[in-house]
Each structure stands twice: as C-alpha cells, then as structure tokens.
Amino acid sequence: MAAIEFRGVSRTFPAGRPALEGVDLAVADGERLAVLGPSGSGKSTLLRLAAGLDRPTAGGVWFDGRCMDDVPPHRRDVGLVFQEPTLLPYLTVAGNLEFGMKARGVARDERRRRVAEVAAMLRLDGLLGRRPSELSGGERQRAAIGRSVARRPAVLLLDEPFSSLDLPLRSALRRDLIDLHDRLGMTLIHVTHDQGEALAIGHRVAVLDLGRLVQVGPPREVYNRPATPFVAGFVGDPPMNLIPTDGRLMGIRPEHVRVRPAGETALAATVARVEDRGDSTLITLDLAGARVTARVADPTGLREGGAVALDLDPARACWFDERPTERKASTKLP
Ligand code: ADP
Ligand code: MG
C-alpha cells in the first residue's frame, strides 16, 4: 500500500488562473480521502497528478517518501476509475477483470481466484459472462471498479465515478465501495462535487476552492467547523446560513436555528416560506433583510407571513471575517 503526499503542488496552464495552487496534502496509507469541490476547482487535475497523467508546474507528488516526478503512470501502482466506465467492449466482465493482471503476468490460477473474489465483493457474480453492452449503468460502473482493483493496486483513484447514476444507485455503490475498501485496504482518493457523497465516503474530506485547498478534516469537523464561508456554503443540504453582523459573518446550521413565538427573544423575523421535506420542515425566514433557513421538526403555528422570534445558539455558531482576502475563519469554539 502507499502513503501519498502532495508537496506545494501547483499546476498552471498557459491561459487562465492556476488549476491548482500550493497544495500541501498528506494521505495516509490505507486512508479513504474524499476530495470535494465544485466544477473547475481542480479535482481532476489533482487526481491526474497523483496518477502521473500530468505533471505539476511546481512542487511534487510523493508515494511512500519517494518522489514520483519521473515515474510514469504504469509504474505507480495506481488504479483509476472515471465518471464514464472504461471497459473493453469486446471482452466479457470476467475478461475485463482479468485484463490488468494478464498484462502484469499474474498466473492463471491466481487470476481466476482474484476475479471470483472481486466479483463477490462487487456483486458481479452473475454477470461475469456478459459484455459491457449487456450491463446496466450501475453494473458497468461496478465492473469498472472491479477492473481497476482486481490486480490490487496500492492506490485507487476515483474521479466522480457515480455522477452519471441515479440517486438510489449512487448510495448503493457508495456502500459497495466502502465495503470493498474495508476488505482490501488500499489508499483511496475519491473525487466528487457531491458534498453528501464526500461526507459519506471520506475518513477525511479535502475541500478545493478555485485550486486552493481550504480545509482538510473528518466529515464532522468540516460540517461543524467549516474553515471558510465557501466551505460553509458548500457543505450541508441546505447549507449553513451566513448572516452579516457588524464586520463579520455569522455561520449557523439550519438545525441550530430555533423558531419561537414572536416577542420571546430579541431577534424578530418573518416567515417567508414553509417547505415540507418529509422528515423535517424547512422554514425560510427574513431576519432584517437577511435570509435565514431553519430546520424544524414541528411546524405547528408557523405560516407564511407570520411574525416569529429566532434563537441562534452562540455555542453552535462559526464566525468568519467578511474581508474577501481573509480566507481562514476565526472559529469561535463552544
Ligand atoms: P474539476 O475536476 O474540479 O472540475 P479540473 O481539475 O478539471 O476541475 O480543472 C481545474 C481548472 O483547470 C479549470 O479552470 C479548467 O478549465 C482548467 N484546466 C484543466 N485542464 C486544463 C487543460 N488541459 N488546459 C487548460 N486548462 C485546463
Ligand atoms: Mg473533474
């Protein structure tokens, strides 16, 4: 297996802002790291640098303390999975799973054993004789993952592998991937723009904003203590409220906004919208011109246009400097 280190990694292209700028990131041996960011934030660039498909313009990538600058992709021991499954159309699923091992001269019996093992882990048992064109989208993606792990790479890199699948299928595949990782224990970097997926898959989540790494931490930390207003507004559904106060921004999660009958506390607000989400109700509020969302279990007595009072738990709040150059948050801990 392998520990991966990005040391001061930048990648610039002739035109436009840098795709990555000064990224320092250490991924532990056997860790599952989710890389989260919107489209264009540099996620694929980071993955391509780890795979050796591209070279940094500054800094370097290190595997187990060894600089990878001059190591080509096929000598890095990495498996790659992309958004669109890359399977060989003329081979069966079994043939695809075997392919990488054959190329590396793994003996026939060992190949058979590993194909059976990976097929069982990824629920591909009944599909081994089929060709890619005879598989559904989810089956094809499971086969593509199987293809890259069957030869047991030290590192597995996944670039938005579930993005083209529908929601229930996505969560099923998430589960499969986590189970597979628990069994095989390779170092895994999973790139996604889906915050729910990143929080579900990563031991830690690394957040990219315009090519800069703005936060790395366990899901709970990224969710509860976002390092920047960008992270606060990107993680969570709905995301954290950002309320301007004098010179600073107060961040508070919708589940930490309490809605009370009008007059009980100082913060007077008006209900703008009541939205039933099934498991809870989202209340959009107008607080002196600022929009604030609250998540409540019981919406009784709340109607659109009604006057209410808000309770914002200061122990749960995060504070951010409003100055745009100030990227780091000064979080006030409870
Ligand atoms: P993501 O995967 O997060 O959507 P990318 O890593 O693909 O983002 O791209 C990051 C930035 O780098 C984008 O602004 C993109 O336009 C730019 N970029 C990526 N690859 C190239 C390239 N080969 N040439 C020029 N610009 C590129
Ligand atoms: Mg991408």
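Remember, it's 1-based here, ligands and their atoms both numbered in the order they're listed.
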Would Arg253 and Glu255 count as a salt bridge (charged side-chain N to carboxylate O under 4.0 Å, His left out) here? Give the steps.
CA-CA 5 Å; Arg253 291 267 170 219; Glu255 57 271 31; 5.0 Å; no

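- If you look at ligand 1, the protein residues with a non-hydrogen atom under 4.0 Å away are Phe13, Arg17, Ala19, Pro38, Ser39, Gly40, Ser41, Gly42, Lys43, Ser44, Thr45.
- Coordination check, Gln83 versus the Mg ion (ligand 2): failed, since every N/O/S atom of the residue sits at 2.8 Å or beyond.
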Name every donor-acceptor pair, under 3.5 Å, that has one atom in a side chain of residues 279-292 and the other anywhere in the protein, sequence neighbours excluded.
| residue | atom | partner | partner atom | Å |
| --- | --- | --- | --- | --- |
| Ser280 | OG | Arg295 | NH1 | 2.7 |
| Asp286 | OD1 | Gly289 | N | 2.9 |

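- The two residues Pro229 and Leu242 make their nearest non-hydrogen contact at O-CD1, 3.8 Å.
- Within a 6.0 Å radius of CZ in Phe99, no more than 12 heavy atoms belonging to other residues, nucleotides or ligands are found.
- In this structure, the side chain of Gln141 engages the main chain of Gln83 through a donor-acceptor pair within 3.5 Å.
- In this structure, the side chain of Thr187 engages the main chain of Ala2 through a donor-acceptor pair within 3.5 Å.
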